[in-house]
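We name chains A, B, ... by the order of the sequence lines, and we start the count at 1 in each one. Here the structure is a predicted model, which is why all the values come from computation and not from measurement.
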Protein chains: 2
Amino acid sequence: MADIDDIDHRLLRLLREDGRRTFSEMAVEVDLSVAAVKRRVDRLREIGVITGFTVRIDYAKLGWGIEAFTELRYAGTTPVSRIVHTATEVPEVQAVFTIAGDPDALVHVRARDLGHLQQVIDRLRRTGDVTGTKTLIALGSWTRDSLRPPLPGAP
Amino acid sequence: MADIDDIDHRLLRLLREDGRRTFSEMAVEVDLSVAAVKRRVDRLREIGVITGFTVRIDYAKLGWGIEAFTELRYAGTTPVSRIVHTATEVPEVQAVFTIAGDPDALVHVRARDLGHLQQVIDRLRRTGDVTGTKTLIALGSWTRDSLRPPLPGAP
DNA sequence: GGTGAAATCCTCGAGTG
DNA sequence: CACTCGAGGATTTCACC
C-alpha cells in the first residue's frame, strides 16, 4: 500500500467531490502552494492511486433509463479471464465484478428500456458457458458524492 | 429526454475518458471553437445531463482492498426512503440501488479487510428492519473507460 | 515545499450567419 | 440560436531556490 498522508487524502476527497477543481482552489483548501498541490496530484497518478478522471452523467436524461445488475453463473470449467472478456464484449455492460461464491460474476448493465435489457441479458446468456442468470433491476440509485468519510485516513 | 446532438455525445465520451480534458483539446476533437465547447458543456450541466466530475481511484492502493455487494431484504412495511437513508448512514457504503424484485436493495460496499466488511454487514443488518442479507465479495473488477460505445447516439 | 515567469487555458462580451 | 473571434484574467507548468 502506498505512502499517502493526510493532505493526499484531503486532495482525493476534494477531487472526488469535483474532479475539475483547479489546483489553485485545492491549494487554498489544504494550505499549500499551487505547485505543491500539482506535484502531489501528479505523484498520486504516477503511483496509480489516481487512475483517471471522469464525468458523472445522468444516463436517464440520455434515454438510458434502465440500470440493472445481472448475476452470472458459469460452468465450473470456465476461467475467470473468459468471464470478464465475454461480458466486456457487450457494450451495454458498464462494469464486471468476479465474485467469490455463488454467482460467479456480477455485471452492471445500462439499457434504453426493458426490451433492450432483455436483448442484453440474452447476449450475456449466449456468451461463454453461462448456466444461469438472475437480473436485479434498479428502481432508484444513490451514489456517495463523498460528503462523508468514504476513504478516511486510517482505520 | 433532453435534446442532445452527436457533438454532445462526443463531448461526453471524451469527458468520460478523461474528465479533466481541456476545452481547447476537446475543441480540436469535435472541430469547434473553444467557446462553443465550453457553452455546450455548461449547457449539459445546466440541463442535468452532467451531474459533476470525479476522480477514479484505486482504493486497494489506499488500503481499502475489499469490494463487495450486499443484497438486503427488508420487512414488507419498510418504505424505500428508509432503506436508502439507513444504508447512506454507513460510511463504507459507496452506492445504494433499490431493486424491483427479490432483494429489496443492492448495496455497494468498500472495506479495509474481511473483518471490517463483517462489521459493515453487521451494521447494515442492525439498521432498519432488515430480514436478511447476502454478500457477494468481489475478487476482481473491470470498469468500462468508454473506449467502446457506452452511451451511443441512438439505438 | 515555495517562487516566479512563460505558456496555456478559461471566460465573456461583441459580432456574424 | 449557435457559432467565431479576441482580449483580459486565471491557471497550469516547470526550472530553480
Nearest-0.5 Å distance that lies between atom [atom1] in [X] and atom [atom2] in [Y]:
{"X": "B:E89", "Y": "B:T86", "atom1": "CD", "atom2": "OG1", "answer": "8.0 Å"}
{"X": "A:I57", "Y": "B:R16", "atom1": "CD1", "atom2": "CZ", "answer": "6.0 Å"}
{"X": "B:D8", "Y": "B:R13", "atom1": "CG", "atom2": "CZ", "answer": "15.0 Å"}
{"X": "B:L11", "Y": "B:E29", "atom1": "CG", "atom2": "CD", "answer": "10.0 Å"}
{"X": "A:K61", "Y": "B:I47", "atom1": "NZ", "atom2": "CD1", "answer": "8.0 Å"}
{"X": "A:T131", "Y": "A:L72", "atom1": "OG1", "atom2": "CG", "answer": "9.0 Å"}

Inset, instruction - Would you mind reading off the bend of the helix from C:dG1-D:dC17 to C:dG17-D:dC1 from its two end axes, five pairs each, to 10 degrees? - result: 30°

Inset, instruction - Using the heavy-atom set of chain A and a strict 4.0 Å cut-off, write down the first and last nucleotide of DNA chain D that makes it in, 5' to 3'. - result: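 First and last nucleotides in contact are D:dT11 to D:dC14.
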
Inset, instruction - Give the B/S/- string for nucleotides 10-17 of chain C, one per nucleotide from 5' to 3', where a protein heavy atom under 4.0 Å of the base yields B, of only the sugar-phosphate yields S, and otherwise -. - result: SBB-----

Inset, instruction - Over all heavy atoms of both residues, which pair between A:A68 and A:I137 is shortest? Give the atoms and the distance, please. - result: CB-CA, 4.1 Å

Inset, instruction - Compute both the distance and the angle, then confirm whether B:R20 meets the cation-pi test with A:F23: under 6.0 Å from the six-membered ring centre, within 45 degrees of the axis. - result: yes

Legend entry - Distance-only polar pair, side chains of B:T54 and A:T54, donor-acceptor under 3.5 Å: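 No, because no side-chain N or O of B:T54 sits under 3.5 Å from a partner of the opposite role on A:T54.
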
Inset, instruction - Check whether any side-chain N or O of B:R21 sits under 3.5 Å from a backbone N or O of B:L14 as a donor-acceptor pair, and report yes or no. - result: yes

